[in-house]
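All of these numbers come straight from a predicted model, not from anything done at the bench. All values below were derived from every heavy atom in this structure, side-chain atoms included, with hydrogens, water molecules and symmetry-related copies excluded.
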Amino acid sequence: MRFLADLSDDDVKWLDAKAAEEGKSRAALVREAVSAYRAEYGSSSDKERRLAALRAGFGAWKDRTDIGDSVEWQRRERASWTRPWDPDYDQVRAEFPDLFDEEDDRERELYRK
């Protein structure tokens, strides 16, 4: 499909110089620019699909009964990522002592020195 586009004289001069530099036509550069723009921003149908996926996933865990309170579950999961060298190790260990052992405490002492 062909179309007509209005460009400023400066834009046409730049496009001609770029086309000559790359050994391509103006049309080829415009096609590449449109392809690059679509790759970066997607089509509206891509955006609609992504939005639909977000909506479908929102609240997906609300009816789960196997994890108890979902906020507490999430806090515990995040706490399990705490390492002995993290600045909040002592506070996290005090709140979730079963996630840590004596080896973690020995490692913590090494980082305090």
Side-chain angles (χ1 to χ4, degrees):
M1 172 187 252
R2 295 175 64 104
F3 73 97
L4 183 65
D6 293 324
L7 298 174
S8 70
D9 289 340
D10 286 344
D11 286 343
V12 171
K13 287 177 188 174
W14 179 87
L15 194 57
D16 285 342
K18 194 70 172 166
E21 177 185 311
E22 295 189 18
K24 298 177 181 177
S25 67
R26 283 183 192 166
L29 290 181
V30 171
R31 284 190 295 271
E32 289 175 7
V34 169
S35 292
Y37 188 90
R38 285 189 70 190
E40 184 171 345
Y41 297 104
S43 66
S44 58
S45 61
D46 288 341
K47 289 179 183 178
E48 290 165 9
R49 279 194 299 273
R50 288 193 300 266
L51 185 56
L54 283 173
R55 286 184 178 138
F58 186 78
W61 285 29
K62 69 179 182 198
D63 297 325
R64 286 192 60 176
T65 58
D66 60 317
I67 61 171
D69 181 290
S70 58
V71 173
E72 279 304 309
W73 180 85
Q74 184 180 43
R75 290 183 71 241
R76 183 176 180 76
E77 280 297 300
R78 289 183 178 166
S80 72
W81 304 340
T82 303
R83 299 294 170 248
W85 52 84
D86 291 338
D88 62 344
Y89 173 83
D90 293 325
Q91 294 95 344
V92 175
R93 191 187 193 314
E95 187 172 354
F96 300 98
D98 59 308
L99 294 178
F100 306 95
D101 59 21
E102 292 175 6
E103 181 60 32
D104 293 317
D105 294 338
R106 281 192 292 277
E107 200 169 344
R108 174 71 171 168
E109 289 306 313
L110 291 173
Y111 286 99
R112 285 185 164 178
K113 293 179 182 182

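Within 6.0 Å of CG on D66 lie more than 12 heavy atoms contributed by other residues, nucleotides or ligands. Residue-environment remark: CD (E102) stays at or below the threshold of 12 foreign heavy atoms within 6.0 Å.
Under the rule for a side-chain hydrogen bond (donor to acceptor under 3.5 Å, both in side chains), Q91 has no partner lying at least two apart in sequence or in another chain. The side-chain contact (heavy atoms from CB on, under 4.5 Å) check on A79 picks up V92, F96, L99, with sequence neighbours excluded. Listed by chain and residue number, nothing satisfies the ring pair (Phe, Tyr, Trp, His ring centres under 6.0 Å) test with W14 (two or more places apart in sequence, or in another chain). Listed by chain and residue number, nothing satisfies the side-chain hydrogen bond (donor to acceptor under 3.5 Å, both in side chains) test with R55 (two or more places apart in sequence, or in another chain). Take F3 and apply the side-chain contact (heavy atoms from CB on, under 4.5 Å) test, not counting sequence neighbours, and it matches A5, V30. For the salt bridge (charged side-chain N to carboxylate O under 4.0 Å, His left out) test, residues two or more places apart in sequence or in another chain that qualify with R112 are D90, E109. Shown here are the side-chain hydrogen bond (donor to acceptor under 3.5 Å, both in side chains) partners of S8, two or more places apart in sequence or in another chain: D11. Residues meeting the side-chain hydrogen bond (donor to acceptor under 3.5 Å, both in side chains) test with E72, sequence neighbours left out: R75. With sequence neighbours excluded, the residues satisfying salt bridge (charged side-chain N to carboxylate O under 4.0 Å, His left out) with D98 are R76. D104 meets the salt bridge (charged side-chain N to carboxylate O under 4.0 Å, His left out) test with no other residue; sequence neighbours excluded. The salt bridge (charged side-chain N to carboxylate O under 4.0 Å, His left out) test applied to R31 returns no partner, not counting sequence neighbours.
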Exercise answer: donor-acceptor pairs, residues 15-25 side-chain atoms, under 3.5 Å, sequence neighbours excluded:
residue	atom	partner	partner atom	Å
D16	OD1	R26	NE	2.5
D16	OD1	R26	NH2	3.1
D16	OD2	R26	NH2	3.0
K18	NZ	E21	OE2	3.4
E22	OE1	K24	NZ	3.4
K24	NZ	E32	OE1	3.2
K24	NZ	E32	OE2	2.7
S25	OG	A28	N	3.0

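Looking at every heavy atom in both residues, I67 comes nearest to R64 through CG2-NH2, 3.6 Å. Closest heavy-atom contact between Y89 and D105: OH-OD1, 2.7 Å.
To the nearest 0.5 Å, atoms CD (E95) and CZ (R93) are separated by 13.0 Å.
Residues D86 and Y111 bring no donor and acceptor atom of their side chains to less than 3.5 Å of each other.
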